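Report on the structure given below.
As the structure is a prediction and not an experimental result, all values here were calculated from the model. No hydrogens, no waters, no symmetry mates; every other heavy atom, side chains included, goes into these values.
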Amino acid sequence: MSNAVANGLAGAGGGMIAQIITYPLQTVNTRQQTERVAKKSLANSKRLGTLVQILQVIRSDGWGGLYSGLKPSLLGTAASQGIYYYFYQVFKNKAEAIAVARKAKGHGDGTVGMFSWLLVAALAGSLNVLLTNPIWVLVTRMQTHTQAERKIMEERKEALLKEASENCLTGSELQVKLAELDSIKPHPYGTWQAVHEVYSEAKITGFWKGIVPTLIMVCNPAIQFMIYESSLKHLRAKRADRKQGSKNITALEVFLLGALAKLGATISTYPLLVVKSRLQAKQEIGRNISLRYSGTVDAIRKMIQYEGLPGFYKGMSTKIAQSVFAASVLFMVKEELLKIYTLLADKCNKVLLSSAK
């Protein structure tokens with residue numbers, strides 16, 4: 001097995017474990033990002049903490065609400081991490097070979113520079129985005145379905161109250177109609193319902209909604225891996241200078257380096273993540289035109305117009321907690337899986353060599 005395939009499988013395994021552990025935070029964060037609140041309402045509204053919002057989801061949707069869309073999300077995580085790490089390792093091998101070749105010609109020190117790490121991560125990220133975006137559109141729909149249904153119901157109640165005031169409906173008639181609305185239960189909403197909804201809205205192109213900000217967001221993992229690889233290189237060089245017995249990086253050190261790398265990447269690219277979530281969520285929420293986006297530029301313009309700059313940073317604290325912890329777990333598990341693979345590969349080679357003799 002090549003090191004690219006081994007890295008791809010290790011990345012997929014680490015990503016799935018990290019996703020399962022942090023998925024409730026991701027669900028709450030997606031709902032925070034897609035919640036539309038006007039500037040005036042935002043100033044008067046009370047911001048709820050992440051824990052309170054988790055409890056609200058449990059109360060309204062049950063424990064299953066925190067894990068809505070988990071199945072396609074695990075598929076997406078396995079595919080994304082597998083594809084990303086596979087191509088990352090392929091491009092990394094090429095970059096290292098070029099660096100060695102340049103050193104042989106008297107250029108450079110034989111190591112890959114920061115810009116090269118950025119380019120390697122960006123290329124791997126672009127391929128990953130183009131191949132897996134449909135999965136993440138479905139995951140976003142499933143995470144925000146209940147929220148979208150609630151918004152539609154609120155719009156219907158507002159329209160009914162307006163009609164009651166205009167047509168002078170009696171209190172009993174109004175209460176009956178409101179009770180009818182309250183009795184409507186949300187339809188079952190699984191993966192195939194999400195597929196049908198997306199296709200009905202925009203045909204096949206609907207599965208690539210949010211592709212523009214997502215492609216721009218390739219700089220997130222690119223920045224993350226640039227920080228991670230540079231920090232890892234610095235740590236190993238420092239140990240070599242001190243002539244320490246072991247140059248191996250511990251699981252805890254990988255965990256901390258992963259956290260540092262993801263923190264820097266998340267803070268710098270968060271507004272694009274919010275725009276991407278808005279585009280991938282259900283657009284037909286009520287009759288308010290400010291809640292519908294025709295594309296990336298339209299979404300950015302309307303968010304600035306109706307919500308102001310704070311709209312681009314909704315749920316950022318939740319995202320930092322979720323993504324930093326998930327990235328730390330991912331890096332740690334991936335490195336441990338690679339160590340196990342290397343150990344098993346060495347043992348297999350020894351067995352083959354001894355049997356050949």
Side-chain angles (χ1 to χ4, degrees), residues 6-34 48-59 61-85 88 125 128 132 135-136 138-146 191 217 220-221 224-225 227-228 249-267 269-270 273 276-277 315-341:
N7 270 271
L9 292 174
M16 289 177 74
I17 292 170
Q19 186 78 331
I20 291 169
I21 293 171
T22 64
Y23 198 77
L25 283 173
Q26 189 183 112
T27 298
V28 169
N29 181 240
T30 304
R31 293 189 180 202
Q32 289 170 338
Q33 290 171 350
T34 54
L48 299 175
T50 302
L51 182 60
V52 174
Q53 289 181 304
I54 287 173
L55 293 173
Q56 280 187 342
V57 173
I58 294 170
R59 189 168 61 249
D61 304 337
W63 285 95
L66 291 174
Y67 290 91
S68 180
L70 179 62
K71 289 180 182 178
S73 179
L74 286 177
L75 172 64
T77 298
S80 291
Q81 299 299 336
I83 290 168
Y84 184 85
Y85 279 106
Y88 180 82
N128 171 36
T132 63
I135 298 172
W136 297 115
L138 298 180
V139 171
T140 301
R141 287 297 177 102
M142 294 177 76
Q143 288 176 332
T144 59
H145 172 70
T146 305
T191 306
M217 272 185 61
N220 181 299
Q224 175 186 344
F225 273 84
I227 296 170
Y228 178 74
I249 308 300
T250 66
L252 177 61
E253 287 169 332
V254 171
F255 184 94
L256 294 173
L257 287 177
L260 174 67
K262 192 61 181 180
L263 179 63
T266 300
I267 290 172
T269 60
Y270 191 76
L273 183 62
K276 182 207 76 164
S277 295
M316 187 171 178
S317 59
T318 306
K319 184 61 182 176
I320 287 174
Q322 183 270 326
S323 61
V324 169
F325 184 61
S328 304
V329 171
L330 190 155
F331 278 118
M332 184 177 68
V333 173
K334 173 183 170 286
E335 293 298 330
E336 291 304 304
L337 289 174
L338 281 175
K339 284 178 187 177
I340 293 169
Y341 161 73

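Between Tyr85 and Tyr88, the ring-plane angle classifies as perpendicular under the 30° and 60° cut-offs. By the 30° and 60° cut-offs, the orientation of the rings of Phe331 relative to Tyr228 is parallel.
Ala10 and Leu338 make their closest contact through CB-CG, 4.0 Å (heavy atoms, listed as atom of the first residue, atom of the second, distance). Between Ile21 and Phe325, the shortest heavy-atom distance links the atoms CG2-CE2, 3.5 Å. Pairing each heavy atom of Gly14 with each of Val333, the nearest pair is CA-CG1, 3.6 Å. Considering all non-hydrogen atoms of both residues, Thr318 and Leu25 come closest at CG2-O, 3.7 Å. Listed here is the closest heavy atom pair of Thr132 and Trp136: O-CD1, 3.3 Å. Smallest separation of non-hydrogen atoms from Val57 and Arg31: CG2-NH1, 3.8 Å.
Within the model, atoms OG1 of Thr22 and CD1 of Ile17 stand 12.0 Å from one another, a figure rounded to the nearest 0.5 Å. Here the OH-CD1 distance, from Tyr270 to Ile320, works out to 8.5 Å after rounding to the nearest 0.5 Å. Going from atom CG of Leu138 over to atom CG of Leu75 covers 9.5 Å, rounded to the nearest 0.5 Å. Note that CG of Leu70 is 9.5 Å distant from CD of Gln26, once rounded to the nearest 0.5 Å. Put simply, CG on Leu66 and CD1 on Ile54 are 6.5 Å apart, with the number rounded to the nearest 0.5 Å. For the atom pair CE of Met332 and CG of Leu337, the computed distance is 10.5 Å after rounding to the nearest 0.5 Å.
Remark: side-chain polar atoms of Ser73 are not paired, donor with acceptor, to backbone N or O of Val139 under 3.5 angstrom. For the pair Asn29 (side chain) and Gly315 (backbone), a donor-acceptor distance under 3.5 Å is present.
In this structure, the side chains of Gln53 and Val28 come closer than 4.5 Å at one or more pairs of heavy atoms.
Within a 6.0 Å sphere centred on NZ of Lys339, heavy atoms belonging to other residues, nucleotides or ligands number more than 12.
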Query raised in the report: When you look at Tyr23 and Leu74, which way does the side-chain contact (heavy atoms from CB on, under 4.5 Å) test go after all the steps?
Result: CA-CA 10 Å; Tyr23 198 77; Leu74 286 177; over 6 Å; no
